[in-house]
Structure formats: structure tokens, C-alpha cells
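In what follows, a single structure is set out as C-alpha cells and then discussed.
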Amino acid sequence: MLNSAAELQNYIEKTQLTRDLGGTLDYCHKNWLLNRTAIESFALMVKQTAQTLQVFGTELAETELPNDVSTTSALLAVHTEKKDKMKDDLKLALKQGSDILEQIKQPVKETPEYKMNQDQMDNQTTVERLIVQLNETETAFDEFWSKHQLKLEQCLQLRHFELKFREIKAALDSISERATTYRDVGNSCSHVEHILKDLCSFEEKSQEEIQTAQALAREGDHLILSNHYAVDSILPKCNELHHLCGSISSHIQQRREYLYKSLELHRRLEKTMEWCDEGIYLLASQPVDKFQTQDGAESALQEIERFLESGTENIIKDLPIVLAQYEAILTAELQEHVNKVFQKQQSTQEMFEKRKGSLRKLAAKQTRPVQPVAPRPEAFAKSPNSSPVLQRAAELRGSPENVLQRRMNYRRTKSEVDGPVRSCSVMEDEENLAVLRRHVMNELIETERVYVEELLSVLEGYAAEMESPLVMHLLSPMLHNKKDVLFGNMEEIYHFHNRSAFYYTFLTLP
């Protein structure tokens, strides 16, 4: 027992005694209690924060990834909000620890020579340890959150990719189905050009969807290169997009090539048809009176030869080669059309050969000498107009339907007046009759040709187009399936008059 506080100095050094006991130790019990209370509160906050972060981490780890965009976006927003709150709590705890540490170090900052006692040093060590623990907890949480956030963001990217994939795949399937409808290769140049124009328009409209699909495929490739967790799901979809885009583009390109090939064939056939029509017109327009002389026959023969030489590029030289060349686009209807054009060409060529044969005979025929004889007296007594040949020609002048009978009468009359001896009157009558006959025949053939061309233009421009699906929507519903009512037997009339035109052309042969 000590009688006074001063006696403590005999047992305890002054440096270990507080000022109220006569020592030099700088100690305030109130401050010690405040510091100790703050340190214990900070330690409790660090412990609770660590537990909260652990529970939140467990919740994140056990979260199942949603299967749609909206749910994934909502989940990412909720988790981000919770993370931000955790980060705020961590910042608050770190600030509290920093404030306590600052308060502990305050005497040293105010007086550099100040030496902290053991309690102060222990408090500083405890606070620093808690702060380090808190920083380590925050770092671990940040790493975990970074992985979880990346997974959620990749999940959201995947759901967006899948949604776009479903939409663009439906559009591509529709385009692919539409592309398969372009099977028709056309039945004429104008029809093929119309289909080509429609195909080009369809291709332009399809390009937007194809470009969107290609952009989505590139986006998928980028996700794969970014080490996305769902590579096994993304890669097949990217491959399917590439395949669909390539398939559509390839199909459109193939149809375009087929249509260009069809257009080439139809233009070739049209040139052949034009050559045949021009040839028939040439045969029909050659004046018959030219054939009566050797020079005239040779001139007509040379005209035919020049025409045949100028048309070598427009005729079908070898039908099997043409069929093999365009085999890829030949349908049954198109092949039948090619065969008909070739048959018309052969018929025209046969007509030329017959005409050439006749002209060669006329050109090679020697002129028979005419014996001069005195004319019969009755030849001077009759007027030229009273000749039986001219009378008959005058009767037939106004009736083109009797051309065949006129030709027979002409040949019969010609055989009657032909002979080794001819009078000047008879020769004049024959010449007048030939001119008359040529005029009637040329007029008949020309009108028949124009009529046949007009019939063909109506059949091809109107009757055939009524059955085309491309123009069906332009017709009134009342006109659907009314082709027979509107045009009747016009096709039969066309074929009849077309054959008549050929027949009249043959009649012009000598």
C-alpha cells in the first residue's frame, strides 16, 4: 500500500505513468475508449461486409441464365444495382477505417517527435490489418463480379443473336422459297426480258436481307473470336447463315445465266424466223415477167444467191448441236418451238431450192428461133381487146378467189397459143396477160401476208399473254378463263391463212 501517488515513481518509471500520476505518459482514457470503440465497430463492419459479399457471390453463382432478351436484360440490371450497393458499402467501410487510422496517427503528424505507446501501435496495426482485409475482399469481389458480368453480357449478346437469327432465317427462307419460283425460261424475247427485269428487282430487294444476314454472321464470328461461352450454339448458326446467303445468291445467279441463255436462244430463233419471212417475201415479190427472159432468170437467181449468202449467220445449221448447246434451259415447250422454227427454216430452204432449180432451167434454156410467117388475115380483122385470152383475163380481174382457175386457164390458153409460129397479136396478148396476172398475184400475196402478220401479233400479244401468270393480276376477273370466248377460232384461221400464203407463193413459180 502506498501513501501517495508520488511513491509510485519508486516502483514505476515516469514514462509509464500518466500525467495525473506525476508521469510523462501521454494517455487519455476517454480517447482510448473512443478509439477502441471505433476499432471494434470497424472490425464488425468489415466482418458483416465480407459476409454480405459472400452471400451475394453465392447468389450470383447459383443464378440460372435466362432464355430471352428481356429477362436477361432485367437480371443484368438487378445484379448491377446490387453490385453498386455493395461497392458503396465497401467504400463506406474503407472510409471509416481510413478515418480511424488517421485519428490514431494524428499526434505523430502534429508532433513528429511524438512516440506512440503500445496501445496506440496495437490499434494502428489492427486498423491497418482490417483495411488490408477489406481491400482483399473488394479485389476478390471485383474479380468475381467481372466474370459474372461478362457471362451475363455474353448471355445477353447470345439472346440478341438468337433473336436476330430467328428473324433473318425466316426472311431468308421466304426469299429462298420465292427464288425457287423462277423456273420459267420464257417463250419469247419480250417474255424473257420481263422475267429478267422481275428477277433483278427481286434480287435488289433481297440484297438488304442478305446483307443483314451476312452482318449477323460476322457478329457471330466476332463473338466466337471473343471466347464466348456459347461457341457450340453460335457456330452452327453462323454456318447456316453463310450457307443460306450463298445458296440464294448462287440460285439467283444460276437463274440469271439460264435466262440470258434463253434470251440468246430466242433472239437466235427470232432472227431465223425473220430470215424465213424475208425469204418468203423475196420469193413472193420477185416479178414473174422477169423469168420469161434468160437475163431476167439469171438476175432473179443472183438475187436469191445474195440473200442466202447474207443469211448464213441467221439460220440453224445443225439442230442437234443447238439442242445440246441449250440443253440446260430446254423445256418441252421450248424444244417444240425450236423444232417448229427449224422446220420452217427447212421449208423455206426447200422453197429456195425449188425456185433456184426453176430459175437455173430458165436461165439455161436456149431461145428457139422464130420462123417469120405472114400473119393470119383474121388477126388484123379483130380488135386486140377482142382476144379470147384478154377477155378471159378481164373477167377474172376482180375475183382473186379464182387465182388457181386463172392459172389453169392461163396455162391452157398459153399452150393453145404457143407453137412454132406465133403472130404478133397473140404474143402481145400473152404479154398483157402475164402483166395482169402478176399484178393480181402480188396484190393477193401482199394482202394475205399482212393479214397473217396481224393475226400472229394478236395471238402472241394478247391471246398468249392472257394465260401468263405475270399479267393475270392486270386482267379483270370477268376475263379470267375467257380466252376461247374472246378469240374463238382465231388460231385456226391464222394457220389456214398462213398455209394459204405459202400456197400463193408457190403459185408464182413458173
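Heavy-atom basis, side chains included; hydrogens, waters and symmetry copies ignored.
Within a 6.0 Å radius of OH in Tyr229, more than 12 heavy atoms belonging to other residues, nucleotides or ligands are found. Counted within 6.0 Å of CG on Asp232, heavy atoms from surrounding residues, nucleotides or ligands total 12 or fewer; the atom is thus considered open. Counting non-hydrogen atoms of neighbouring residues, nucleotides and ligands closer than 6.0 angstrom, the CD atom of Gln154 exceeds 12 such neighbours. The environment of Asn481 atom CG is sparse: at most 12 non-hydrogen atoms of other residues, nucleotides or ligands sit within 6.0 angstrom. In Lys85, the NZ atom is not crowded: 12 or fewer heavy atoms of neighbouring residues, nucleotides or ligands sit closer than 6.0 Å. In the displayed structure, Lys261 atom NZ is contacted under 6.0 Å by more than 12 heavy atoms of other residues, nucleotides or ligands.
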Pair Tyr281-Glu278, side chain to side chain contact (heavy atoms under 4.5 Å, CB included): steps then yes or no:
CA-CA 5 Å; Tyr281 180 75; Glu278 290 174 1; 5.6 Å; no

Given Leu456 and Asn498, is the side chain to side chain contact (heavy atoms under 4.5 Å, CB included) satisfied, shown in steps?
CA-CA 10 Å; Leu456 181 60; Asn498 194 28; over 6 Å; no

Let's go through Phe487 and Val458 carefully: what are the C-alpha distance in whole Å and the side-chain angles of both, what is the deciding distance for side chain to side chain contact (heavy atoms under 4.5 Å, CB included) to 0.1 Å, and is it a yes or a no?
CA-CA 9 Å; Phe487 297 96; Val458 172; 3.8 Å; yes

Would you sort out whether Gln294 and Leu362 count as a side chain to side chain contact (heavy atoms under 4.5 Å, CB included), showing the intermediate values?
CA-CA 6 Å; Gln294 186 174 6; Leu362 291 172; over 6 Å; no

Step by step, would you call Glu274 with Lys271 a salt bridge (charged side-chain N to carboxylate O under 4.0 Å, His left out)?
CA-CA 5 Å; Glu274 290 175 1; Lys271 288 182 179 180; over 6 Å; no

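The aromatic ring centres of Phe307 and Phe352 sit less than 6.0 Å apart.
Among all heavy-atom pairs drawn from Val185 and Leu259, the shortest one is CA-CD2, 4.0 Å. Cys238 and Phe161 make their closest contact through SG-CZ, 3.9 Å (heavy atoms, listed as atom of the first residue, atom of the second, distance). The two residues Ala213 and Leu241 come nearest to each other via the heavy atoms O-CD1, 3.9 Å. Summarising the geometry of Thr72 relative to Asp68, their closest heavy-atom pair is OG1-O, 2.7 Å, with the distance given to 0.1 Å. The shortest non-hydrogen separation linking Phe342 to Ile316 is CE1-O, 3.6 Å. Between Tyr182 and Asp198 the shortest heavy-atom distance is OH-OD2, 3.0 Å.
Residues Glu219 and Lys164 are paired through a salt bridge, judged by an N-O separation under 4.0 Å between the basic side chain and the carboxylate. Salt-bridge formation is detected for the pair Glu353/Lys356: a Lys NZ or Arg NE/NH1/NH2 atom is positioned less than 4.0 Å from an Asp or Glu carboxylate oxygen. With salt bridges taken as basic N to acidic carboxylate O contacts below 4.0 Å, none links Lys197 and Glu204. A salt bridge does not link Asp277 with Arg449: none of the charged nitrogens is closer than 4.0 Å to a carboxylate oxygen. Salt bridge Lys340/Glu336: present, at least one basic N to carboxylate O contact under 4.0 Å. The pair Glu303-Arg355 fails the salt-bridge criterion, with no side-chain N (NZ, NE, NH1 or NH2) lying under 4.0 Å from an Asp/Glu carboxylate O.
Defined by atom type and a distance below 3.5 Å, a donor-acceptor pair is missing between the side-chain atoms of Asp173 and Ser176. Defined by atom type and a distance below 3.5 Å, a donor-acceptor pair is missing between the side-chain atoms of Tyr326 and Gln335. In summary, the side chains of Gln157 and Glu153 do not present any donor paired with an acceptor at a separation below 3.5 Å, with no hydrogens or angles considered.
At distances below 3.5 Å, at least one donor-acceptor pair connects side-chain atoms of Thr63 with backbone N or O atoms of Glu59. Between the side chain of Thr272 and the main chain of Arg268, a donor-acceptor pair closer than 3.5 Å is present. When atom types are taken as modelled, the side chain of His148 and the backbone of Phe144 share no donor-acceptor pair closer than 3.5 angstrom.
Screening Asn187, Ile195, Ile329 against Ser262 for a side chain to side chain contact (heavy atoms under 4.5 Å, CB included) leaves a single residue, Ile329.
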